[in-house]
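Below: the structure, in structure tokens.
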Amino acid sequence: IEGLLSTQYRDRIVVSWSLNSPYISHQEEHGAPSIKRRLEAARACQREGYVLGFHFDPLIEHPSWKEEYARTLDLMDRYIDPAGVIWISLGCLRYMPSLKQVIRWRFPKTHILDGEFIPGLDGKMRYIKPVRIEMYAFMKANLSQWGVEHGIYLCMESSDVWRKGLGWSPESSEGLSQYLDSLAEKVFSLNI
């Protein structure tokens, strides 16, 4: 983040980090900075006036996933002011069927494919719908409790999953784009 911190340009920039549970970070995100290091970097950017975004994508079902994702949210609470967060995206693990063989070959000890997957309408393998909805509802409830009411959105999900998981739906990609633009307008006082 040194380049970000040394520049004078801070307007209209959202700096975002991908987050996961500490368990997934440790077991699966080989070579990536820890959750704590990412949040320390995000805090430094926030202190310098940057607007933040976070991406829980992919959310991965694993033993004690609720407790593990709650641990990440606890870390966020320690490091980040939720008032400076413009959006948080949520997306459950999904992949093209042909990728399964590649994942197994490259990472034979991985457990990310252990969940119950079905082919979605887009041809990607996805967790069954009740699992996705439960994960999204859990994350939304905990993020709302932390202080982020607006700006939580789903990646690549149908309107019914939006409604059941988050309680609302933008109805289309265009609707989501308009929603995110409206958040940027408010935060940056723009006319988009």
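Side-chain atoms are counted along with the backbone in the values below, which use heavy atoms only and exclude waters and symmetry mates.
- For S169 against W162, the heavy-atom pair with the smallest separation is CB-CB, 3.7 Å.
- Across all their heavy atoms, G91 and D57 have their closest contact at O-OD1, 3.3 Å.
- Looking only at side-chain heavy atoms (C-beta outward), T110 and E28 come within less than 4.5 Å of each other.
- A salt bridge does not link E40 with R43: none of the charged nitrogens is closer than 4.0 Å to a carboxylate oxygen.
- For the pair D160 and K129, the salt-bridge criterion is met [side-chain N within less than 4.0 Å of a carboxylate O].
- Of all the heavy atoms in A41 and I1, the pair that sits closest is O-CD1, 3.6 Å.
- Across all their heavy atoms, G53 and V14 have their closest contact at N-CG1, 3.8 Å.
- Linking Ile, Leu, Val, Met, Phe, Trp and Tyr whenever their side-chain heavy atoms come within less than 4.5 Å puts I103 and M125 in one cluster.
- A donor atom on one side chain and an acceptor atom on the other are not found under 3.5 Å apart for S18 and H55.
- The shortest side-chain heavy-atom distance between M76 and F54 falls under the 4.5 Å cut-off.
- With ring centers used as reference points, Y23 lies 6.0 Å or more from W65.
- Applying the ring-ring contact (aromatic ring centres under 6.0 Å, His included) rule to W17 yields no partners; only residues at least two apart in sequence or on another chain are considered.
- Both I128 and I133 belong to a common hydrophobic cluster when Ile, Leu, Val, Met, Phe, Trp and Tyr are linked at side-chain heavy-atom distances under 4.5 angstrom.
- More than 12 heavy atoms of other shown residues, nucleotides or ligands fall within 6.0 angstrom of atom CD1 in I118.
- Of the candidates Q145, M139, K140, N142 forms a side-chain contact (heavy atoms from CB on, under 4.5 Å) with just one, namely Q145.
- A distance-only check finds no donor-acceptor pair linking the side chain of H26 to the backbone of I24 [under 3.5 Å].
- With contacts defined as side-chain heavy-atom distances shorter than 4.5 Å, the pair Y153/C155 qualifies.
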Going through the checks in order, is the side-chain contact (heavy atoms from CB on, under 4.5 Å) test met by L4 and V15?
CA-CA 9 Å; L4 289 169; V15 185; 3.8 Å; yes

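- Shown here is R37, whose CZ atom has no more than 12 heavy atoms of other residues, nucleotides or ligands within 6.0 Å.
- Side-chain contact between W146 and L73: absent, with no pair of heavy atoms (C-beta onward) separated by less than 4.5 Å.
- M156 and V131 fall into different hydrophobic clusters, where Ile, Leu, Val, Met, Phe, Trp and Tyr are joined by side-chain heavy atoms under 4.5 Å apart, directly or via other members.
- Hydrophobic clustering keeps L93 apart from F107 (ILVMFWY residues linked when any side-chain heavy atoms are closer than 4.5 Å, directly or through intermediates).
- Minimum heavy-atom separation, E61 to Y127: N-OH, 2.9 Å.
- Closest of all the heavy-atom pairs between S16 and W87 is OG-NE1, 4.3 Å.
- Side-chain contact between Q178 and P170: absent, with no pair of heavy atoms (C-beta onward) separated by less than 4.5 Å.
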When you look at L59 and Y69, which way does the side-chain contact (heavy atoms from CB on, under 4.5 Å) test go after all the steps?
CA-CA 9 Å; L59 289 168; Y69 283 107; 3.6 Å; yes

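- A continuous path of hydrophobic side-chain contacts links V85 to F188 [ILVMFWY only; heavy atoms under 4.5 Å].
- Contact annotation: the side chain of V51 never approaches that of I13 to less than 4.5 Å [non-hydrogen atoms, C-beta and beyond].
- The salt bridge (charged side-chain N to carboxylate O under 4.0 Å, His left out) with E157 is formed by just one residue from the set K124, R94, R126; it is R126.
- The closest side-chain heavy-atom distance from S89 to L154 is not below 4.5 Å.
- Between L52 and I86 the shortest side-chain heavy-atom distance does not fall below 4.5 Å.
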Criterion side-chain contact (heavy atoms from CB on, under 4.5 Å) on E67 and S21, from CA distance to verdict:
CA-CA 9 Å; E67 293 81 6; S21 76; over 6 Å; no

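- For W168 and Y179, the gap between ring centers is short of 6.0 Å.
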